[in-house]
Amino acid sequence: MQGEAVNKKCIESLIKAGAFDQFEQTRATLMASFENIIDTIQNTNKKSFAGQVTMFDLGGAQEENLDDLKYTYGEKEEYSEKEMLFMEKEMLGMYITGHPLEKIREQIESQTNINTMKMLEIQEAQNEAEEVNAKAEYVDGQFVKYAGIITSVKKKYTKNNKIMAFVTVEDLYGSAEIIIFENCYQNCSNSLVEDNIVLVDGRLSIREDEDVKIVAREITDFGIKKRKVLNIQITDLDESKKRQLRGMIKFFNGDKNNIPIQVEDNGEIKPCGLIYLTADILEEFEEVLGRERVDLKEI
């Protein structure tokens, strides 16, 4: 097949797509070897044409000429699974042997409440019904969390010269468009890189005759999202204040717990469970204990 029909670029693409996996060589080995192999074949053919030697001539007395056709592989360790999957996507537009998100499926499902399949169901329901069901699981403007791999980033400037971006993020079921306005963009621009896995916190945009989209309010690299904790400094705090603190922690513990709380005593940190924290509740802690002892921080 060598010659005009199959050139080196074609062979490279076939290797990346996995077409030669049955050769029992790693794709990395094939990528490191194929150019020399093709050159060997082409050089042998040139000699054959020059001396009018055919494959039949290579038998019998001229059997030693078969050595000229032999070639060896420059063996290499296989690419990582992630590298191979992205090669498949580059060549074919889809993943064949797996999906880069499959290994973190459980983490994604635990940190998100929507995916592309659900967004498609929302769109289909929107197209079929004239009015949105008030009891629908998802409604326009609802805040959601979505995770996936960035496959495309398109930036543009508005008429007011403010930057925004349209980002395509692919999960295990398909792709969704994420709209990012300037405030969010300034905070997350470092994460907006193709092939990066991100967690999107935003609100649904459900419009008739349009694909369901997400307007982002925060985008972070998936898996390293920081969380807030309420740190209380109790070093040299008198006993009456400590009793008040214990009472407050117990009082603000409930069904809507959203913030872990911990106390710090002479550098030793002790976790105290979770509480429901709002701006008003935080202010109460500051009034009772002093603002310098109360720190809502990210870890």
Side-chain angles (χ1 to χ4, degrees), residues 9 12-13 15-18 79-105 107-109 111-124 126-127 138 140-225:
K9 185 63 179 176
E12 178 182 351
S13 299
I15 293 171
K16 287 183 175 180
Y79 298 116
S80 68
E81 182 182 19
K82 181 178 179 180
E83 288 175 311
M84 289 199 294
L85 289 173
F86 284 133
M87 283 182 182
E88 292 173 4
K89 184 68 180 291
E90 177 190 2
M91 294 298 105
L92 305 170
M94 66 181 72
Y95 302 110
I96 298 298
T97 57
H99 196 287
L101 298 180
E102 188 60 47
K103 289 184 177 181
I104 57 172
R105 177 190 288 269
Q107 294 96 308
I108 290 175
E109 290 177 349
Q111 295 186 44
T112 62
N113 58 6
I114 198 167
N115 56 46
T116 304
M117 183 168 58
K118 291 182 178 179
M119 293 172 70
L120 181 59
E121 291 173 356
I122 296 169
Q123 185 62 53
E124 290 175 348
Q126 176 75 11
N127 292 339
Y138 298 99
D140 183 47
Q142 179 176 338
F143 287 108
V144 293
K145 291 187 177 182
Y146 171 88
I149 302 172
I150 294 178
T151 60
S152 172
V153 179
K154 297 178 181 178
K155 294 178 285 186
K156 64 173 292 185
Y157 285 89
T158 66
K159 294 179 180 179
N160 297 326
N161 203 33
K162 292 185 177 182
I163 192 169
M164 65 179 299
F166 297 89
V167 179
T168 303
V169 179
E170 177 181 328
D171 66 4
L172 286 158
Y173 308 100
S175 298
E177 184 177 67
I178 312 299
I179 302 173
I180 305 171
F181 291 108
E182 186 175 51
N183 289 343
C184 178
Y185 182 87
Q186 298 296 346
N187 294 326
C188 70
S189 58
N190 290 338
S191 297
L192 301 182
V193 181
E194 288 190 16
D195 298 334
N196 192 29
I197 301 176
V198 294
L199 178 65
V200 179
D201 185 340
R203 59 180 176 82
L204 280 177
S205 175
I206 302 174
R207 298 288 184 270
E208 189 175 353
D209 298 327
E210 290 184 14
D211 292 337
V212 177
K213 303 175 178 63
I214 297 176
V215 180
R217 60 176 178 174
E218 183 181 19
I219 296 179
T220 55
D221 293 346
F222 186 85
I224 62 171
K225 182 176 175 62

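These numbers were taken from a predicted model, which means no experiment stands behind them.
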Determine whether Arg207 and Asp140 satisfy the following criterion, side chain to side chain contact (heavy atoms under 4.5 Å, CB included), listing intermediate values before the conclusion.
CA-CA 8 Å; Arg207 298 288 184 270; Asp140 183 47; 2.9 Å; yes
Atom of Pro100, atom of Ile149 and distance for their closest heavy-atom approach
CG-CD1, 3.2 Å
Below 4.5 Å, heavy atoms only, C-beta onward: do Val212 and Tyr138 meet side chain to side chain?
no
Sorted by chain and residue number, the side-chain contact (heavy atoms from CB on, under 4.5 Å) partners of Glu12 (sequence neighbours excluded) come out as Lys9, Lys16, Met31, Phe34
Would you say the side-chain atoms of Asn113 pair up with the backbone N or O of Lys145, donor to acceptor, closer than 3.5 Å?
yes
Who pairs with Thr116 by side-chain hydrogen bond (donor to acceptor under 3.5 Å, both in side chains), at least two apart in sequence or on another chain?
Tyr146, Asp171
Measure the spacing between CE of Met119 and CD1 of Ile214 and express it to the nearest 0.5 Å.
4.5 Å
Any side-chain heavy-atom pair of Ile122 and Leu204 under 4.5 Å:
yes
Identify every side-chain donor-acceptor pair in residues 172-186 under 3.5 Å, counting partners at least two apart or on other chains, and give the distances.
unit_1	atom_1	unit_2	atom_2	d
Tyr173	OH	Arg105	NH1	3.3

Might you confirm whether atom CZ of Arg203 has over 12 heavy atoms from other residues, nucleotides or ligands at distances under 6.0 Å?
no
Nearest heavy-atom pair of Ala147 and Leu199: which atoms, and what distance?
CB-CD1, 4.1 Å
Nearest heavy-atom approach of Tyr79 to Met84 is CB-CG, 3.8 Å
Those residues at least two apart in sequence (or on a different chain) that pass salt bridge (charged side-chain N to carboxylate O under 4.0 Å, His left out) with Lys89 are Glu170
Under the side-chain contact (heavy atoms from CB on, under 4.5 Å) rule, collect the residues that match up with Leu92, sequence neighbours excluded.
Ala17, Met94, Ile96
The criterion is side-chain hydrogen bond (donor to acceptor under 3.5 Å, both in side chains); which residues satisfy it with Asp195, sequence neighbours excluded?
none
Atom of Ser205, atom of Val215 and distance for their closest heavy-atom approach:
CB-CG2, 4.3 Å
For His99, does its backbone N or O pair with a side-chain atom of Glu102 as donor and acceptor, under 3.5 Å?
no
Keeping Glu88 on the side-chain end and Thr97 on the backbone end, is there a donor-acceptor pair under 3.5 Å?
yes
Check the pair Val200 / Val167 against side chain to side chain contact (heavy atoms under 4.5 Å, CB included), numbers first and verdict last.
CA-CA 11 Å; Val200 179; Val167 179; over 6 Å; no
Donor-acceptor pairs under 3.5 angstrom involving side-chain atoms of residues 152-166: please list them, not counting sequence neighbours.
unit_1	atom_1	unit_2	atom_2	d
Thr158	OG1	Asn160	N	3.3
Thr158	OG1	Lys162	N	3.1
Thr158	OG1	Lys162	O	3.3

Sorted by chain and number, sequence neighbours left out, side-chain hydrogen bond (donor to acceptor under 3.5 Å, both in side chains) with Lys213 holds for none
Evaluate side chain to side chain contact (heavy atoms under 4.5 Å, CB included) for Ile206 paired with Gln142, printing each intermediate quantity in order.
CA-CA 10 Å; Ile206 302 174; Gln142 179 176 338; over 6 Å; no
What pairs with Glu81 under salt bridge (charged side-chain N to carboxylate O under 4.0 Å, His left out), at least two apart in sequence or on another chain?
Lys103
Can you sort out the partners of Asn187 under side-chain hydrogen bond (donor to acceptor under 3.5 Å, both in side chains), two or more places apart, ordered by chain and number?
none
Worked verdict on Leu192 versus Ile150 for side chain to side chain contact (heavy atoms under 4.5 Å, CB included)
CA-CA 7 Å; Leu192 301 182; Ile150 294 178; 4.2 Å; yes
Test applied, side-chain hydrogen bond (donor to acceptor under 3.5 Å, both in side chains); reference residue, Ser191; option that passes from Thr220, Asp221, Asn196
Asp221
Which atom names give the shortest non-hydrogen contact between Leu85 and Tyr95, and what distance separates them?
O-CD2, 3.2 Å
